Amino acid sequence: MKDKQDHNYKNFGGDFPKPGTPADEAWSQMHELLVKHDLTKPAKKDKRRLIIFLLVFLFITAGISGYLFFSNNAGNKAALSIVPDKIDQQNEPGSMGNDTVAYQNSEQDKNRYIPDEEKAFSNTGKTNSISKNYSLKSFNKTNAENNEFTAIQQTGIEKTEQPANAPAKESTQNYNRANDTVVTVHQNILMDTATKNTSLIENTTAKSNKTTASKNKFHFGLQWNANFSLKNNSHYFDAYNGGKQYYMWLLPAAWAKMDIGKKHGILFQFNPYKQVFAGKQTVHIEVPWIASVDPDIVTRVVKTRGYDFGLKYEYKFNSRMHIAAGLSYTFQQDALYAEQAVEHTSGNVLSEKIYGAKRSDASFDYLKSSYLNWNGSVKYDLKKLSIGAGVSKPFSNLSADPTYTVKPLNGELYLQYRFK
Amino acid sequence: MEKLEEIIEGCKRRETLYQERLYRHFYPALYTRCKTFFTDEHDIITALNNGMLRVFAQIDKYDPAKGNFYSWLHAVVRNTALTFLRDSKQFRTTELTEEVYESLGENPFNRFKWEELFKLLSGLPTDTRAVVVLFYVESFSIKEISAMLQMKEGTVKWHLSEGRKKLRNILKPEAFSER
């Protein structure tokens, strides 16, 4: 007798008859067993994907914000860069036109660019003291410190005229040559000083603007949301405990915003009672043992509530209008279900029961514990108060069972109050 | 659809999503296997789910080097189903001493489709049916069946003899009009 035979599985790999019990029902029993023996837990993979997605979004937002922030300061930087550019030009051989700027660089530079004129003056033996009178070092220093363009300009003219006129008494060839040089140089001084002063004025203005902007950079306040379903819902005032609660249509939230430049902003929102109307979409069907006799029990989700963290990019159209778009992540806490007895053959609803479920209830398993949303909104400012409207839709499925897709589009009206 | 390896890894992490995918993927095959042992729908699902419960609990022990996943899965579910059978105490202990089952030879069930096989097996008592299935369908030796069902080899032989007697007529080709 053989101790062991080669296993020869019949029709291995396929062509199996249709099971007498539907897979849904068998899995439902299996799931109960797994829960009972503590052998299961919700999938983490989807959450991980959502978190990665959220992080990528944050990085992109931060990148855009950074770019916008720095590009706003680009004009100021350009103004500031005039002087270094000129200095660079100064260092090029033969660039006489910008000699004056070299004065403010260093003594060494001064000595390098002045010698031509000083040589000329020194040849007369009388002009050294004069050249010191209109030393650009002190001239520009005064300029920078006082930022009084006109006064300095006048001073510059006076001082410029002095050496131009004074050497006339000497009437030497060398002196004349030096005189010409000095006039040319000081014309350049005036032009460059004017340019520099304009830059300084721009700098001061930009700095002043920046100071004003930084004062208004951070805002925060409260918000009251009124969600509404865009499809198939009439349970606006039904509470999650089965009763009626009229404040369910105006739920509070908090927000904080950081301005980036004049037109851009990043908005963070925390909504402890984010409500989503699901339009009575199916999340679970229980088929009876004898389907032709007993009705199917169909569980539909009416609405859900949970806390929500959101991040939005906001663009300011004008002084009052804003548009915003972003993502938020919701942790579901409550759900309101409609349990319907549906005739198997005709699909007629025989009865309906509305009931609430908390996160700890077994029927809450029909929903995912958390999900990612996208949203967009328009806002109109009325001083400290703003009114807005928007839409939101889940990215991920609200239903825990992938057989059913629940991604309802919701509308939202809101009032926003700004403390700061 | 993810690869089987990915689903198995998910099941090792005990994530519901992957457990469900694995269950649904193998459900038709395992249901069919369990149906060879039981006629009652409730028994079939109970045996299958008990088996899968053990699969999910012990999936860390699955070693790909020792064989393919389906073989392991099937073995676990089958053994659980046999345990369920034994626990139902429907086994008789009559023994046969004749050495008539030296080898399997050609498997007479290979000619039939699953539905036809179920029809044939439905005429057998539960214990005889299990032995016949293990011997003819699953291709186990008498010794192996003896160990699996914790019964004497003589008893296994007796069940096989009984099964053959009852199936003698219906195993004839003319019993199925289309053959």
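What you see below is based on every heavy atom in this structure, not just the backbone, and it leaves out hydrogens, waters and symmetry mates. Keep in mind that what you see is a predicted model, and the values were worked out from it rather than measured.
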[atom1]/[X] to [atom2]/[Y] distance, rounded to the nearest 0.5 angstrom?
X     : Y      : atom1 : atom2 : result
A:T40 : B:E15  : OG1   : CD    : 9.0 Å
B:E20 : A:L34  : CD    : CG    : 10.5 Å
B:I45 : A:M30  : CD1   : CE    : 11.0 Å
A:Q29 : B:H42  : CD    : NE2   : 6.5 Å
B:T16 : A:D401 : OG1   : CG    : 11.5 Å

Query raised in the report: Measuring heavy-atom distances to chain B, does A:D38 have an atom under 4.5 Å in its side chain, in its backbone, in both, or in neither?
Result: backbone
Report task. Please state whether the rings of B:W114 and A:F16 are parallel, tilted or perpendicular, taking 30° and 60° as the class boundaries. Result -> tilted
What is the minimum heavy-atom distance between [X] and [Y], and which atoms define it?
X      : Y     : result
A:W27  : B:R24 : CD1-NH2, 4.1 Å
B:N49  : A:A26 : ND2-O, 3.5 Å
B:P28  : A:P19 : CA-CG, 4.1 Å
B:F118 : A:P17 : CE1-CG, 3.8 Å

Query raised in the report: Would A:T21 and B:Y27 satisfy side chain to side chain contact (heavy atoms under 4.5 Å, CB included), going step by step from the backbone distance to the final call?
Result: CA-CA 10 Å; A:T21 305; B:Y27 178 69; 3.5 Å; yes
Report task. Give a yes or no on whether B:K12 atom NZ has more than 12 heavy-atom contacts from other residues, nucleotides or ligands under 6.0 Å away. Result -> yes
Query raised in the report: Is it true that atom OH of A:Y273 has more than 12 heavy atoms of other residues, nucleotides or ligands lying nearer than 6.0 Å?
Result: no
